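Written out below as structure tokens is the structure these notes cover.
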Number of protein chains: 2
Amino acid sequence: MKEKSYGIGQLSKLTDCKIPTIRWYEERGLLPVASRNAGNQRRYNQQHLTLLRFIRHARQLGFDLPAIEQLQKLCSCCLDDHLQADQIAKQHLADVQQKIAQLQAMETELNRMIDNCSYEDEHQCQVLEVLANHKLCSSGHVV
Amino acid sequence: MKEKSYGIGQLSKLTDCKIPTIRWYEERGLLPVASRNAGNQRRYNQQHLTLLRFIRHARQLGFDLPAIEQLQKLCSCCLDDHLQADQIAKQHLADVQQKIAQLQAMETELNRMIDNCSYEDEHQCQVLEVLANHKLCSSGHVV
DNA sequence: CCTTGAAGCTCTAGTTACTAGAGACTTTAT
DNA sequence: ATAAAGTCTCTAGTAACTAGAGCTTCAAGG
């Protein structure tokens, strides 16, 4: 069976990613160089689709491009040094867990706002205070 | 009792935010204009500290500046239209819940990598596939 | 008091990660 | 066959910072 292939416009729609952004990821090296058809237009396959979705979701979660590159390498097991891979994974895990904690705190507060704040005026909502709380934060600030 | 006050360098250290970035948030209107001392230097208080931490954490979680502004307004109850506030809060809540789901999936996979992948070679790690999975994604892509 | 080094000021320019547009070529649908 | 839609490259613009030059202000030691 023949693999499904996509034009850049289709890929753009499937991933909710603008066309120039796709081309830019290719240029930047985050997305493998696409093959071209007779008329020099890019053709993408399932792997590109998966990878691009991964990149977009990771970006939405606040990872920058170098971090995404590192996660990619981690996944494709390009890192032969397992100890190093382990360390990188652990570092990203810590980052992810911190993000989860902060988002959950924010979720709680948003829920409280929706339940209380819009029907009565007494509760001062604290999304801001909760997300400002450094106890949820692994970085070194003290006060 | 007199309120604690900070210079821009102290604030920068306490929030892990670069000095020009702090000034830029002020210019941009995200941070209230700081009062100045006799020599024209900015002085910050506890409120600035809380707010700046909130901004930085929200940025790390992938919110853009307009979204942060909106959350701020929501918190300070500047929106007198409660129905509108409710809708904005709900929209952010959905966004937050989606981010949490994606991060938790990523957490699971990173943990699996750390447990298995670094000690034996059999398990192909799937951080990438998991984060590419559109079932966790509320946006409209279909394939 | 004076100095000297750190901290702050403004303004300009550079970086990252896109995003939009111009002008030409290719594909597709009638 | 041709018109419309899609894609190409290249250049320029935007958002959110980040760094540096050149100058002023603060604060601690002599």
Side-chain angles (χ1 to χ4, degrees), chain A residues 4-45 48-49 51-72 95 131 139 143, chain B residues 4-45 48-49 51-72 95 99 131 139:
Chain A
K4 225 179 286 180
S5 105
Y6 314 95
I8 199 166
Q10 284 172 287
L11 193 67
S12 167
K13 262 163 212 156
L14 290 172
T15 55
D16 213 14
C17 177
K18 305 266 163 72
I19 289 172
T21 306
I22 297 173
R23 294 200 271 248
W24 187 77
Y25 286 154
E26 176 179 316
E27 198 186 333
R28 168 66 220 259
L30 258 120
L31 215 48
V33 173
S35 59
R36 305 288 182 114
N37 68 5
N40 197 35
Q41 303 191 344
R42 289 167 180 83
R43 296 266 97 202
Y44 296 95
N45 56 32
H48 289 105
L49 181 58
L51 198 44
L52 184 51
R53 268 193 194 138
F54 162 76
I55 294 169
R56 290 273 81 199
H57 288 163
R59 289 292 293 126
Q60 276 164 27
L61 296 171
F63 293 96
D64 61 11
L65 299 198
I68 292 172
E69 245 171 323
Q70 216 177 36
L71 282 166
Q72 252 182 60
D95 188 19
L131 205 57
S139 65
V143 181
Chain B
K4 225 178 288 181
S5 105
Y6 313 95
I8 199 166
Q10 284 173 287
L11 193 67
S12 168
K13 262 163 215 157
L14 290 172
T15 56
D16 212 14
C17 177
K18 304 265 162 73
I19 289 171
T21 305
I22 297 173
R23 294 199 271 248
W24 187 76
Y25 286 153
E26 176 179 318
E27 198 186 332
R28 167 66 220 258
L30 257 119
L31 215 48
V33 173
S35 59
R36 305 286 183 117
N37 67 5
N40 198 35
Q41 304 190 343
R42 288 168 180 83
R43 296 267 97 202
Y44 296 96
N45 56 32
H48 289 105
L49 180 58
L51 198 43
L52 184 50
R53 269 193 192 137
F54 163 76
I55 294 169
R56 290 272 80 199
H57 289 164
R59 290 291 293 126
Q60 278 163 28
L61 296 171
F63 293 96
D64 61 11
L65 299 197
I68 292 172
E69 244 170 326
Q70 216 178 34
L71 282 166
Q72 250 183 62
D95 188 19
K99 282 175 200 269
L131 205 58
S139 64

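Chain identifiers are assigned alphabetically (A, B, ...) following the order of the sequence lines, protein sequences preceding nucleic acid strands; residue numbering begins at 1 within each chain. Everything numeric in this text was worked out from a predicted model, so none of it was measured.
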message: Closest-nucleotide mapping onto DNA chain C: is A/A38 or A/K18 further toward the 5' terminus? I mean the 5' end.
response: A/K18
- request: May I have the distance from B/I19 (atom CD1) to C/dT10 (atom P), rounded to whole angstrom?
  value: 12 Å
- request: Look at B/Y25 and D/dC17 and indicate whether a side-chain polar atom (N or O) is within less than 4.0 Å of OP1 or OP2.
  value: yes
field: Criterion side-chain contact (heavy atoms from CB on, under 4.5 Å) on A/L65 and A/R59, from CA distance to verdict
entry: CA-CA 8 Å; A/L65 299 198; A/R59 289 292 293 126; 3.4 Å; yes
message: Of the listed nucleotides (D/dA19, D/dC17, C/dA17), which one gets closest to any side-chain atom of A/P66?
response: C/dA17
message: Between C1' on C/dT19 and CD on A/E27, what's the gap in Å once rounded to a whole number?
response: 14 Å
query: Nearest of C/dC9, D/dA16, C/dA17 to any side-chain atom of A/D64?
result: C/dA17
- prompt: Is the shortest side-chain N/O distance from B/T21 to OP1 or OP2 of D/dC17 below 4.0 Å?
  reply: no
task: Check step by step if side-chain contact (heavy atoms from CB on, under 4.5 Å) holds for B/E26 and B/H48.
output: CA-CA 10 Å; B/E26 176 179 318; B/H48 289 105; over 6 Å; no
task: Remember a base hit wins even if backbone is also touched, and classify A/R42 as base, sugar-phosphate or nothing at under 4.0 Å, heavy atoms.
output: sugar-phosphate
- prompt: Hey, does the Lys NZ or Arg CZ of B/K99 hover above the aromatic six-ring of B/F63, less than 6.0 Å from the centre and inside 45° of the axis?
  reply: yes
query: For the atom pair CD1 (B/I19) and CZ (B/R42), what is the distance rounded to the nearest 0.5 Å?
result: 10.5 Å
message: Closest approach to the side chain of B/Q41, judged atom by atom: which nucleotide of D/dA16, C/dA7, D/dC8 is it?
response: C/dA7
statement: A/I8 atom CD1 is separated from C/dT19 atom P, nearest whole Å, by 14 Å
message: Using whole Å, what does the distance between atom C1' of nucleotide C/dT27 and atom CD of A/Q10 come to?
response: 13 Å
field: Under 4.0 angstrom between A/R23 side-chain N/O and D/dC8 OP1 or OP2
entry: yes
message: Tell me whether the side-chain N/O atoms of A/R28 come closer than 4.0 Å to OP1 or OP2 in C/dA17.
response: yes
query: Please give, in whole Å, the distance from C/dT10 P to B/E26 CD?
result: 8 Å
query: Looking at CG of A/L30 and CD1 of A/I55, how far apart are the two atoms once the value is rounded to the nearest 0.5 Å?
result: 4.5 Å
message: At 4.0 Å (heavy atoms only), tell me whether A/R43 reaches a base, stays on the sugar-phosphate, or touches nothing.
response: nothing
- prompt: Once you round it to whole Å, what is the distance between P of C/dA17 and CG of B/L65?
  reply: 16 Å
- prompt: Considering only side-chain heavy atoms of A/R36, which listed nucleotide, D/dT7, C/dT10, D/dT9, is closest?
  reply: D/dT9
- request: Mind calculating the distance between CG (B/L52) and C1' (D/dC17) to the nearest angstrom?
  value: 13 Å
- prompt: For C/dT27, does OP1 or OP2 lie under 4.0 Å from any side-chain N or O of A/N37?
  reply: yes
task: Would you mind reading off the distance between B/W24 atom CH2 and D/dT18 atom P, rounded to a whole angstrom?
output: 10 Å
